[in-house]
Amino acid sequence: MTNSSPTRIVVIGSGPAGFYAAGHLLADSSGLIEVDMFERLPTPWGLVRSGVAPDHPKIKSVTRVYEKTAEHPRFRYFGNIELGSDVSRAELAERYHAIVYATGSLTDRPLGIPGEDLPGSWAATDFVGWYNAHPEYRDLEFDLSGERAVVIGNGNVALDVARMLMLSHSELSKTDTANHALDVLEHSSIREVVVVGRRGPAQAAFTNPELRELRDLEDVDVVVDPDELERALAVDDPNMSKTAERNVSTLREYAERPPTKDRRVVLRFLLSPVELHGDEQGVREVVLVRNELTADESGALRARATGEQEILPAQLVMRAIGYRGVPLPEVPFDEHRCVIPNERGRVIGQDGSHRPGEYVVGWIKRGPTGIIGTNKKDAQETVDAILEDLAADRLAEPSMPDPEDLERMLRERKPNLVTYAGWSQIDRHERTLGEPHGRPRVKLANIEEMLVIAASEHPDAGESADGDAADTAAQSTAAR
Ligand code: NAP
């Protein structure tokens with residue numbers, strides 16, 4: 001490699017981890033790194049768009065940082081391109097010095113209990129994708145005609161789901177909740193959401209601002225049984241964090257308040273679901289077993305079933321027990337941890353050695369933990385490894401490095417490839433639809449509609465069939 005030839009790097013996935021990696025790479029002082037990013041959806045931002053709850057707009061404003069990266073002259077975005085089906089890993093290896101996998105954790109973890117597949121039993125990730133207008137989840141049909149929902153898990157996703165089920169229409173209608181979800185949630189009959197943790201409040205994974213904001217829900221009590229709370233706190237946790245201390249004091253406040261409203265979020269502890277009862281009509285009951293806390297050899301407190309059971313009638317069950325990574329074609333995968341095996345971001349092959357030129361960032365690197373900002377540091381570690389390998393001449397020269405060739409190949413395979421300009425069209429379109437209603441945007445949930453709007457980036461699209469289709473798409477979205 002000569003000193004002035006560019007280093008070409010492709011990032012697969014456009015969520016926070018992918019964008020932090022791209023940003024760090026472009027900030028390299030050589031000024032010679034070029035980054036292409038592939039995304040299987042037309043739209044970027046990963047879970048910032050399709051995971052963060054609609055009532056958390058401030059968290060979403062992090063995309064301004066990613067927009068700066070996307071506008072960098074040495075960056076290109078190719079949406080609607082999927083690794084494996086549209087382009088293979090081997091083809092990328094011929095065209096780039098390095099590949100960075102940033103595909104996150106695409107699916108949910110199952111509970112593995114009888115009745116889990118009954119109608120009305122869902123992965124929280126389905127509900128989250130649905131209310132956030134992720135195109136793959138938009139056709140799901142949530143029946144909210146029952147009075148009680150049970151959410152399994154004590155993480156932030158469990159609290160997001162509980163809140164989304166309890167937010168009033170007037171609260172939700174100011175957000176970018178998918179139109180299809182707004183309609184269903186407006187007619188929800190759910191009066192009570194029971195959030196069930198298998199361990200105690202000192203071991204809960206949720207963070208304190210999320211726990212505290214439950215009390216801001218309009219006309220909703222937060223109910224904690226004082227006896228159950230103290231029982232769950234009876235065993236001292238040597239690993240109790242500052243967050244857990246704050247959570248305990250918030251929960252004690254909740255436990256002191258007498259309920260006065262007819263809708264509530266109930267926080268329960270030391271309970272695990274062991275079976276869901278119901279029939280083809282749907283879930284009717286959740287069978288819970290009471291747990292006790294016991295220390296394992298490391299001192300960490302684990303839940304152990306006591307055998308004492310409780311039956312909770314419920315018509316909707318959401319398991320919010322974590323996300324799970326899925327394998328990518330031709331890329332090593334650790335089936336146990338559901339991540340791409342790696343050492344400080346360098347992908348490790350089956351023989352235990354580094355796969356030259358392959359790297360990983362974010363949840364598919366370390367598992368589904370941490371907040372958005374966690375990915376910044378995580379991506380820096382991987383980028384440091386890439387730069388180290390580059391300096392040590394460990395990255396092979398690609399045989400077909402021409403960036404224009406790559407774009408031509410992608411356009412031949414996917415004529416409706418979405419560039420950053422195409423995404424900007426979708427972005428403007430969504431914001432324009434939201435404006436008259438005081439909403440940040442009205443999200444498109446249909447890939448065909450997105451592609452039509454994105455295609456209007458082409459100057460000749462205005463008067464063409466595409467232009468007409470764009471009008472039709474706009475009308476059909478606004479009409480909902
Ligand atoms: P999480 O934080 O890992 O929480 C998973 C919860 O599920 C834990 O309480 C865990 O309990 C429980 N669980 C696991 N297996 C279980 C089982 N078989 N039965 C019963 N309970 C089980 O996962 P998450 O809520 O999906 O969140 C993923 C990440 O995204 C987290 O880092 C989270 O903070 C982040 N996030 C942040 C926000 C925000 O900042 N507002 C919003 C959403 C998500 P144990 O502890 O006992 O294993």
Side-chain angles (χ1 to χ4, degrees), residues 15-17 46-62 104-114 116 121-129 131-132 150-164 194-214 232 235 237 239-241 243-244 247 267-276 286-296 300-305 317-325 337-338 362-364 366-375 378:
L47 281 182
V48 175
R49 180 175 164 97
S50 64
V52 173
D55 62 331
H56 282 169
K58 270 199 198 134
I59 298 183
K60 293 178 198 235
S61 62
V62 69
S105 304
L106 281 187
T107 190
D108 64 286
R109 291 182 56 218
L111 281 164
I113 59 171
E116 191 172 8
S121 161
W122 294 93
T125 50
D126 291 333
F127 187 56
V128 171
Y131 65 59
N132 274 324
V150 171
V151 180
I152 309 295
N154 260 183
N156 281 328
V157 171
L159 297 190
D160 280 353
V161 165
R163 247 183 16 263
M164 285 302 292
V194 183
V195 180
V196 174
R198 66 176 167 183
R199 297 192 287 162
Q203 296 79 40
F206 43 66
T207 39
N208 193 246
E210 280 64 25
L211 181 62
R212 272 188 290 120
E213 79 181 312
L214 290 178
V235 181
D237 188 339
N239 303 319
M240 192 151 153
S241 64
T243 295
N247 285 346
L267 302 169
R268 303 280 317 264
F269 298 99
L270 293 182
L271 293 168
S272 284
V274 284
E275 187 168 357
L276 305 184
V286 184
V287 184
L288 298 163
V289 67
R290 181 156 288 287
N291 295 325
E292 59 189 8
L293 292 175
T294 57
D296 67 13
L301 294 181
R302 304 275 168 219
R304 188 169 65 194
V317 176
M318 303 258 187
R319 54 179 187 277
I321 61 168
Y323 285 77
R324 184 161 55 99
R337 294 187 54 226
C338 297
W363 279 7
I364 196 66
R366 64 173 198 276
T369 59
I371 56 171
I372 293 170
T374 312
N375 294 297
D378 170 288

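Along the sequence shown, residues are numbered consecutively beginning with 1. Both backbone and side-chain heavy atoms feed into the values below; hydrogens, waters and symmetry mates do not. Atoms within a ligand are numbered from 1 in the order they appear, just like the ligands themselves.
- In terms of protein heavy atoms, atom 4 (O) of ligand 1 is closest to G155 CA, 3.6 Å.
- Nearest heavy-atom pair across D108 and R324 is O-NE, 2.9 Å.
- The residue among G153, S105, P110 with a heavy atom at the shortest distance from atom 12 (C) of ligand 1 is G153.
- Regarding atom 25 (O) of ligand 1, its nearest protein heavy-atom neighbour is V157 N, 3.1 Å.
- The closest side-chain heavy-atom distance from N247 to P201 is not below 4.5 Å.
- Inter-residue side-chain proximity for R198 and I321 is flagged as unmet; no heavy-atom pair is nearer than 4.5 Å.
- The shortest heavy-atom contact between Y323 and R109 is O-CG, 3.6 Å.
- The ligand atoms of ligand 1 that sit less than 4.0 angstrom from a heavy atom of D160 are 42 (C), 43 (C).
- Considering every non-hydrogen atom in both A300 and N239, the closest pair reads CA-ND2, 3.9 Å.
- Interface of A205 with ligand 1, defined as ligand atoms under 4.0 Å from a residue heavy atom, comprises 2 (O), 4 (O).
- Note: no N/O pair closer than 3.5 Å links I152 and ligand 1 by distance alone.
- Among protein heavy atoms, atom 35 (C) of ligand 1 sits closest to G370 O, 3.7 Å.
- Heavy atoms of A320 found under 4.0 angstrom from ligand 1 belong exclusively to the backbone.
- Near E210, the atoms of ligand 1 lying under 4.0 angstrom from a non-hydrogen atom of the residue are 39 (C), 40 (O), 41 (N).
- Here the side chains of M318 and M164 are not in contact, with every heavy-atom distance at 4.5 Å or above.
- Proximity of R199 to L293: side-chain heavy atoms (C-beta onward) are separated by under 4.5 Å at one or more points.
- Residue V150 comes nearest to I152 through the heavy atom pair CG1-CD1, 3.6 Å, listed as atom of the first residue, atom of the second, then distance.
- Here OH of Y131 is found 8.0 Å from CG of D55. Values are rounded to the nearest 0.5 Å.
- Nearest-residue assignment for atom 22 (C) of ligand 1 (options I321, T125, V274, T369; heavy-atom criterion): I321.
- When every heavy atom of R163 is checked against every heavy atom of A53, the shortest pair comes out as NH2-CB, 3.4 Å.
- V151 and A320 make their closest contact through CG1-CB, 4.2 Å (heavy atoms, listed as atom of the first residue, atom of the second, distance).
- If you check each of W363, Y323, F206 against atom 29 (C) of ligand 1, the one with the closest non-hydrogen atom is W363.
- With a 4.0 Å heavy-atom cut-off, ligand 1 is reached by no atom of I372.
- Protein heavy atoms are found less than 4.0 angstrom from atom 17 (C) of ligand 1.
- The protein heavy atom nearest to atom 23 (O) of ligand 1 is G322 CA, 4.0 Å.
- Among protein heavy atoms, atom 33 (C) of ligand 1 sits closest to N156 ND2, 4.0 Å.
- For atom 6 (C) of ligand 1, the closest heavy atom belonging to the protein is N154 N, 3.7 Å.
- Atom 46 (O) of ligand 1 has its nearest heavy-atom neighbour, among R198, Q203, R302, R199, in R199.
- Closest protein heavy atom to atom 28 (C) of ligand 1: P368 O, 3.7 Å.
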